[in-house]
Amino acid sequence: MPSSRYAIEVSGLTKFYGKNQVLWDLNLQVEQGTIFGIVGPNGAGKTTLLKIVAGIIRPTTGKVTIMGRSLSAEPEDVKTFIGYLPEKPRAYDVLTVKEFLEFIKELYSIPDAVFIERVEEYSKAFGLGGYDLSFMGSLSKGLLQRALLAAIFVREPRIYLLDEPFSGLDPSGIWQFRRTLQEKAKVGATVLMATHILDFVEKVCDRIAIIDQGKILIEGTSQQLREAAGVQSSLEEAYLKLLGEES
Amino acid sequence: MKIFVLTRLELRLAWNSFKLRLKSRPNILLYVLILILCVVINFILHTFLNLSSRDVRLQTFSSVGVEEVSPYLMIFASLTILLVSSSAKGFYGKLSTLEFRGPDLEILRSAPLEPYQVFMAKSLKVFIKRSLLTFIAELTFLTPIMTFFRMTADRGIVFLSAILLYSCFLYFVEAFTFLASRLAVNLMRQRTRTPLLVLPLATFPLFFYEETLNLVNYLVFLPSTAISKIVYFSLFHSVPTSTVTYPMLSLLTLFFGLSMLVIALSALYYEKVETFEELVKADWLKFLKNKLKWSFGSRHSPVIAVFLKEFWTNLRASDAPLIVLDYAILLFIYVLNLNIVASDSTGRFTASSLILAFSILLFSFIFQPSVDVFLAEREKSWILKVAPVSIQNVVLAKYFYSLILSLMTLLPPFVGIAFLAPSPAERLILSVSSVSLLLVTNATGIYIGAHYTPGSLREEFPVTGIFAYMGLISILASPIVLIPLLFLSRPIALVLVSGFALDYAIVLSHHFLEGAAKSFSERDDL
């Protein structure tokens with residue numbers, strides 16, 4: 001297996017939806033074991049980028065490499081590394097949480113013993129105890145988000161692609177999620193996350209990219225971004241200044 | 001007044017949605033036109049082919065009795081029943097309920113509007129949209145038939161049959177749907193759990209039946225005997241021999257029975273899907289909760305898991321009971337048709353009429369479930385697309401699922417027909433064509449579902465999909481039935497040609513499944 005210090009490498013990525021171009025020659029490298037945040041205004045191309053890296057949609061041009069392997073050449077193998085959470089989470093309404101997790105187990109060929117242990121661990125971590133008999137369609141938005149996060153974590157993928165992962169989560173859910181994510185990063189997992197919650201990004205992400213109109217405007221640590229914007233107070237202020245949205 | 005404002009809004013939304021779809025796929029119109037043309041050409045060719053080999057006594061059609069009807073009228077009858085039943089299924093099962101479950105309902109509910117105003121506006125929109133669609137669909141079906149009849153029979157009868165078909169559809173299905181929906185909403189509001197209360201409604205359109213016929217009769221200045229013939233042919237002329245003496249009674253009984261079934265199921269359906277909680281509570285597979293299997297014994301495979309996912313989720317889905325409706329209608333039609341085939345007093349139909357009618361129905365009943373397999377996936381397709389399973393395997397799993405579903409539905413009537421087929425040659429044709437058509441039709445359904453998923457689940461099945469289906473089956477799959485029929489009297493050639501038909505079906509199915517995988521993997525709107 002080709003080794004690479006980068007978990008995710010994206011080069012020359014463009015994407016057209018019909019005549020509308022949403023990504024413009026985008027390049028990005030995410031090192032293994034880092035938590036990488038992507039921020040930007042609505043419609044900047046964050047979700048499209050994550051969908052392409054997850055293998056849900058195809059780029060018009062460009063290449064995506066995951067753990068040194070080409071996504072387009074070996075999609076099935078490469079997808080075993082990835083855990084993806086969509087921006088608008090939807091699951092099979094008529095399956096219970098337990099049934100859905102079992103389906104995921106089968107889809108990703110997780111051994112039974114490992115699965116049982118992990119389900120117990122993450123159900124507890126995400127406060128899903130007591131909901132395993134509930135149908136996914138009857139869960140609240142926050143609980144559905146927790147169930148889908150649990151479905152990702154039970155697989156323990158090497159790369160987490162998370163699109164607005166805090167949507168619907170309550171403060172304790174966010175705290176739990178943050179803790180789990182940091183633990184995973186410590187043991188070498190990589191996180192690429194798109195979000196609007198700059199406070200979280202500033203506290204948790206090792207590196208941050210600001211994306212606007214399908215292009216990466218700037219990339220670096222929180223400190224580097226603030227310096228580039230010439231502000232010291234917060235990432236939020238730097239973000240607004242870099243995007244020219246400062247009042 | 002608010003009703004008209006709301007209706008205008010609904011129609012504007014529908015029109016904008018159509019324009020948007022047209023904009024994203026500009027070749028749709030051309031595609032539809034080509035398909036219509038192909039359907040027409042195909043039917044005309046088919047007609048000539050049969051004219052050259054069979055004695056079709058249509059020249060004296062207007063003066064013959066019911067027992068001497070042509071095989072083409074058998075097809076016509078099947079098509080009519082098909083249109084009515086599929087539309088009923090669409091209306092009662094999905095379209096009307098989805099219309100009343102949309103996200104815009106929350107906005108409308110918070111507005112200063114009476115519930116009946118919202119209901120009326122949405123119903124009117126459904127009525128207008130469906131009437132237009134029906135008209136287009138019937139035109140596509142009827143044009144070739146009318147072309148054929150013009151060459152051989154009285155023009156007036158053909159014209160009348162078209163008018164009558166459309167009138168029947170609008171009077172019986174559209175008006176019926178509207179009234180039934182209204183009553184169902186009332187029932188929901190009152191939390192009544194007695195669908196039997198809706199049953200009296202089933203008789204309502206019957207009061208208009210004679211009047212409808214008289215009106216049509218008056219308008220087209222045709223003798224009433226001709227009208228009654230068409231009614232028998234195009235609706236239920238194959239009533240059991242014992243009731244032929246009282247045809248109107250049979251007709252009433254049949255309509256009443258069918259209507260009761262449809263209404264009862266629709267009322268149940270409305271009650272079930274009003275909220276998700278109710279749906280879950282009403283889950284008729286409750287005993288299987290958390291006991292689902294995702295593998296066959298020791299065989300673990302993502303393909304099996306996807307297949308079983310399709311199976312379980314569809315079985316639990318809200319419209320699962322409607323499969324029963326399909327099944328009931330199908331059995332109903334065939335039991336009636338078999339009465340004709342088996343009865344000496346009413347004459348025997350040729351094998352071709354039986355097989356062709358059967359094939360057409362087979363296509364139609366398989367089609368929707370195989371398309372639905374992809375429709376249901378839409379907002380959840382990310383789960384399968386990010387999984388380490390090839391798209392080809394996902395398509396294959398869905399194909400297997402829809403094949404199983406078709407088999408479950410069609411095997412009993414098929415066995416019945418094959419058992420009663422007059423000769424081994426006809427049995428062979430029936431067997432080969434059924435298997436081949438099952439393979440091809442499911443594959444075309446999967447392809448269309450993967451390619452033409454509507455913008456949202458609230459949208460009804462796209463027009464292009466319907467035409468694509470009709471065009472595809474007419475052009476590509478008809479040789480599977482028609483060519484073996486030409487060799488009916490030559491056993492060795494028949495066996496060889498049947499083998500060829502099966503091979504052809506496998507190649508076609510493979511082609512469509514490949515197309516489905518390509519379409520699904522290239523879609524950006526997921």
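By convention in this document, chain letters (A, B, ...) are assigned in the order of the sequence lines, proteins followed by strands, and residues within each chain are numbered from 1.
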**OP:** Would you mind checking which part of A/Asp77 comes under 4.5 Å of any heavy atom in chain B, side chain (CB onward), backbone (N, CA, C, O), both or neither?
**Re:** neither
**OP:** Determine whether more than 12 heavy atoms belonging to other residues, nucleotides or ligands lie under 6.0 Å from atom CD of A/Glu121.
**Re:** yes
**OP:** Begin from the C-alpha positions of B/Val386 and A/Leu161 and carry the test side-chain contact (heavy atoms from CB on, under 4.5 Å) through to its verdict.
**Re:** CA-CA 11 Å; B/Val386 298; A/Leu161 301 174; over 6 Å; no
Original post:
chain B heavy atoms under 4.5 Å from A/Phe100: which part of the residue, side chain, backbone, both or neither?
Top reply: side chain
Subject >> Under 4.5 Å from any heavy atom of chain A - which part of B/Val303 >> reply: neither
**OP:** Could you tell me which non-hydrogen atom of A/Arg90 sits nearest to which non-hydrogen atom of B/Trp382, and how far apart they are?
**Re:** O-NE1, 2.9 Å
Original post:
Should we say atom CD of A/Glu120 is surrounded by more than 12 heavy atoms from elsewhere, each under 6.0 Å from it?
Top reply: no
Original post:
With a 4.5 Å heavy-atom cut-off, do B/Ser521 and A/Arg58 have their side chains touching?
Top reply: yes
**OP:** Take A/Phe103 and B/Leu308 through the test side-chain contact (heavy atoms from CB on, under 4.5 Å) and record every step on the way to the result.
**Re:** CA-CA 9 Å; A/Phe103 173 62; B/Leu308 289 170; over 6 Å; no
Subject >> Region of A/Lys105 in contact with chain B, defined by heavy-atom distances below 4.5 Å >> reply: neither
**OP:** Look at atom CD of A/Glu183 and say whether more than 12 heavy atoms of other residues, nucleotides or ligands are closer to it than 6.0 Å.
**Re:** yes
Original post:
What's the shortest heavy-atom distance between B/Ile383 and A/Tyr108, and which atoms?
Top reply: O-OH, 4.5 Å
Original post:
Roughly how far apart are B/Ile304 CD1 and A/Glu106 CD, rounded to 0.5 Å?
Top reply: 8.5 Å
Subject >> Nearest-0.5 Å distance, NZ of residue B/Lys309 to CG of residue A/Leu95 >> reply: 8.0 Å
Original post:
Taking B/Ser301, B/Ala305, B/Ala387 one by one, which has the highest count of heavy-atom pairs under 4.5 Å against chain A?
Top reply: B/Ala387
Original post:
So, the side chain of A/Lys79 versus the backbone of B/Pro388: is there a donor-acceptor pair under 3.5 Å, distance only?
Top reply: no
